[in-house]
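Just so it is clear, the model here is predicted, and its values are computed rather than measured. Every chain is numbered from 1, with letters handed out A, B, ... down the list of sequences.
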Number of protein chains: 2
Amino acid sequence: MSLHSHTKENYLKTLYLMSIDKDNVSINELAQKLGLKMPTVTSMMQKLAADRLVKYEKYKPIHLTEKGKKEAGLIIRKHRLTEMFLVEVMKFGWEEVHDIAEQIEHINSPVFFKKMDEMLGFPEHDPHGSPIPDRTGNIKQAVRHPLCDFNSGESVVITGLARSEDDFLKFLNRKNIGLGTILNIIEKEEYDGSMRLKHGKRELLLSRPVCEELFAEIAAGT
Amino acid sequence: MSLHSHTKENYLKTLYLMSIDKDNVSINELAQKLGLKMPTVTSMMQKLAADRLVKYEKYKPIHLTEKGKKEAGLIIRKHRLTEMFLVEVMKFGWEEVHDIAEQIEHINSPVFFKKMDEMLGFPEHDPHGSPIPDRTGNIKQAVRHPLCDFNSGESVVITGLARSEDDFLKFLNRKNIGLGTILNIIEKEEYDGSMRLKHGKRELLLSRPVCEELFAEIAAGT
DNA sequence: ATATATTATTAGACGCATCTAAGTTTTTAT
DNA sequence: ATAAAAACTTAGATGCGTCTAATAATATAT
Ligand SMILES: [Mn+2]
Ligand SMILES: [Mn+2]
Ligand SMILES: [Mn+2]
Ligand SMILES: [Mn+2]
């Protein structure tokens with residue numbers, strides 16, 4: 001039953017997450033993301049290919065195999081379950097949990113994560129709105145709509161984030177925006193794409209880049 | 001601020017725990033305990049000596065330095081806090097937690113363990129009755145009395161265990177013995193050192209080896 | 001189409017943690 | 001006191017994951 005090194009697990013997870021946005025991941029991009037040099041990554045790809053976790057051909061983009069996707073999915077599952085546990089059970093802020101989860105995702109103990117899952121009532125999303133893969137490592141990837149795609153007059157609920165770096169999360173904390181926050185779109189500014197919104201009783205202005213990184217849905221009952 | 005490899009942390013912790021019982025730990029004994037060959041341990045002792053964590057002289061027994069004791073104490077603190085968290089918060093059995101704690105003790109996140117500590121109300125002992133070192137890594141080592149040292153007629157409370165291997169813990173589960181269990185000593189058998197005890201309404205016979213591995217105190221209010 | 005820049009691979013090295021084989025020191029037994 | 005056994009160290013090797021320097025392939029620009 002599986003068991004790879006901490007190092008290999010990080011390669012798999014990173015590769016999986018990168019493959020969601022861009023379906024052609026290069027050695028160079030992966031090296032950048034992992035903070036490693038290209039030859040290091042090339043060498044690891046050769047090893048992961050030998051493990052049948054990636055499909056690798058010289059000078060070609062890298063792809064995970066089905067086996068690789070499953071392994072990656074299970075690590076991401078542990079990461080996201082952990083983040084949820086840290087927020088819901090241990091009462092950490094959503095901006096504090098990623099670095100801890102980055103370590104706990106490598107713990108080898110099915111019963112530990114099973115217990116987390118139970119305590120949380122089998123959550124389907126992490127504290128940043130990302131889907132939690134199922135016990136087989138499979139991710140149910142829903143279509144997500146950036147806030148900037150909605151129109152004035154619409155009432156939307158925030159359901160996810162494109163990035164969860166903690167500076168962004170702290171920014172959202174200051175603006176009192178979280179998952180489930182309901183926003184009414186007052187106006188979209190033509191010139192710079194910023195949006196004027198009603199948040200409860202207050203009025204709020206969000207810049208275009210921020211609106212691109214917030215996912216939303218039409219609020220229920222509107 | 002510190003930060004040693006997972007590997008070095010395990011050497012320090014093991015050395016510390018062995019030094020409590022035997023104050024002269026040999027390369028051979030440490031190698032046995034860690035499941036490694038002697039040359040491996042010799043080589044690591046030379047490295048830890050260079051780090052000023054152990055005092056090492058060729059062919060002499062090994063001792064931790066004050067710095068080494070502190071590092072070790074902090075790892076043991078994380079281990080025991082984790083075990084307590086797993087039992088009290090996550091409702092694991094005391095026989096399930098050691099292996100998980102063995103991994104989580106290496107997590108580097110002061111805030112994570114601080115939160116555990118708070119949630120648990122700053123416990124002083126782990127689920128097996130062993131003392132939890134303080135935030136500086138210092139262990140308050142109390143004198144402990146094995147059950148076999150008490151006399152017939154005495155009423156005692158179980159406060160700790162000499163070993164916490166899970167076969168022993170499961171044995172105690174079957175006998176319904178845990179920390180806080182009160183036992184009345186009916187009789188000590190001269191021949192084999194076994195003890196006949198009253199446990200609630202039931203009568204119980206414990207062999208000498210078991211009585212040596214249970215720590216007890218005279219029960220309060222007797 | 002050719003030159004240039006970018007991306008990727010290979011070769012060779014290093015530190016960590018481990019091993020085996022060989023030799024040395026210390027302890028134990030006779 | 002001597003021999004034998006046990007404990008310990010040194011030397012040298014291996015696998016993992018990383019690096020730099022050198023080389024090769026691919027992509028981009030002129
Ligand atoms: Mn995360
Ligand atoms: Mn990780
Ligand atoms: Mn333990
Ligand atoms: Mn450990």
Side-chain angles (χ1 to χ4, degrees), chain A residues 2-16 18-19 21-64 68 71-72 75 102-103 105-106 108, chain B residues 2-16 18-19 21-64 68 71-72 75 102-103 105-106 108:
Chain A
S2 52
L3 264 208
H4 305 97
S5 68
H6 185 122
T7 306
K8 282 183 178 177
E9 289 189 348
N10 281 339
Y11 277 91
L12 292 175
K13 186 184 68 153
T14 304
L15 195 43
Y16 192 123
M18 290 176 83
S19 306
D21 316 318
K22 313 186 62 273
D23 62 7
N24 264 355
V25 177
S26 68
I27 296 276
N28 192 29
E29 288 160 338
L30 185 51
Q32 297 279 321
K33 191 73 98 183
L34 291 167
L36 299 170
K37 302 298 177 178
M38 275 196 289
T40 306
V41 173
T42 297
S43 142
M44 184 56 85
M45 287 311 111
Q46 291 163 350
K47 289 174 197 165
L48 292 177
D51 297 342
R52 303 275 163 211
L53 293 163
V54 303
K55 197 153 35 103
Y56 169 73
E57 288 176 280
K58 276 191 191 183
Y59 302 105
K60 294 269 168 60
I62 313 154
H63 295 281
L64 285 169
E71 294 296 328
I75 299 153
E102 200 59 47
Q103 299 180 64
E105 71 190 1
H106 302 290
N108 173 27
Chain B
S2 52
L3 265 208
H4 304 97
S5 67
H6 186 120
T7 306
K8 282 183 179 175
E9 289 188 348
N10 281 339
Y11 277 90
L12 291 176
K13 187 184 67 154
T14 304
L15 195 43
Y16 192 124
M18 290 177 82
S19 306
D21 315 319
K22 312 186 62 273
D23 62 8
N24 264 354
V25 177
S26 68
I27 296 277
N28 192 31
E29 288 161 339
L30 185 51
Q32 297 281 320
K33 191 73 97 183
L34 291 167
L36 299 170
K37 303 297 179 179
M38 275 196 289
T40 306
V41 173
T42 297
S43 143
M44 183 57 84
M45 287 311 110
Q46 291 163 351
K47 289 174 197 165
L48 292 177
D51 296 343
R52 302 277 162 209
L53 293 163
V54 303
K55 197 152 37 103
Y56 169 73
E57 288 175 279
K58 275 191 191 184
Y59 301 105
K60 294 268 167 59
I62 312 154
H63 295 281
L64 285 169
E71 294 296 327
I75 299 153
E102 200 59 46
Q103 300 180 64
E105 71 190 0
H106 303 290
N108 173 28

Do His63(A) and Asp23(A) have a side chain donor and acceptor closer than 3.5 Å? no
Between dA7(D) atom P and Leu36(B) atom CG, what is the distance in whole Å? 17 Å
Would you classify Thr42(A) as touching base, sugar-phosphate or nothing, given that sugar-phosphate means primed atoms plus P, OP1 and OP2, and contacts are heavy atoms under 4.0 Å? base
Would you say dT26(C) has OP1 or OP2 under 4.0 Å from some side-chain N or O of Lys60(B)? no
Is any side-chain heavy atom of Met45(B) closer than 4.5 Å to one of Leu30(B)? yes
Distance, rounded to the nearest Å, where Asn24(B) contributes CG and dT27(C) contributes C1': 15 Å
I'd like to know whether NZ of Lys8(B) has more than 12 heavy-atom contacts from other residues, nucleotides or ligands below 6.0 angstrom. yes
From CG of Leu30(A) over to P of dT18(D), roughly how many Å is that when rounded to an integer? 11 Å
Nearest nucleotide by nearest heavy atom, which residue falls closer to the 5' end of DNA chain D, Lys37(A) or Met38(B)? Met38(B)
How many whole angstroms separate atom OH of Tyr59(A) from atom P of dA8(C)? 10 Å
Listed nucleotide nearest any side-chain atom of Lys47(B), set dC19(D), dT18(C), dT9(D): dT18(C)
When we call it a touch if two heavy atoms are under 4.0 Å apart, what does Ser43(A) touch: a base, just sugar-phosphate, or nothing? base
It should be established whether Tyr56(B) places a side-chain nitrogen or oxygen under 4.0 Å from OP1 or OP2 of nucleotide dC8(D). no
Verify the contact: side-chain N or O of Thr40(B) to OP1 or OP2 of dA17(C), cut-off strictly under 4.0 Å; return yes or no. no
Within the structure shown, what part of the strands sits under 4.0 Å from Gln46(A) by heavy-atom distance: base, sugar-phosphate, or nothing? sugar-phosphate
Mind checking whether Asn10(A) and His106(A) have side chains closer than 4.5 Å, heavy atoms only? yes
Nearest-nucleotide check on DNA chain D, Val41(B) vs His6(A); residue mapping nearer the 5' end is Val41(B)
To the nearest angstrom, how far is Ile27(B) atom CD1 from dA6(D) atom C1'? 14 Å
Rounded to whole Å, CD of Glu57(B) lies from C1' of dT26(C) at a distance of 15 Å
Take atom CD of Glu9(B) and atom P of dA17(C), then tell me their distance rounded to the nearest Å. 11 Å
Can you check whether Asn108(B)'s main-chain N or O pairs, donor with acceptor, with Gln103(A)'s side chain at less than 3.5 Å? yes
Using whole Å, what does the distance between atom P of nucleotide dA17(C) and atom CG of Asn10(B) come to? 11 Å
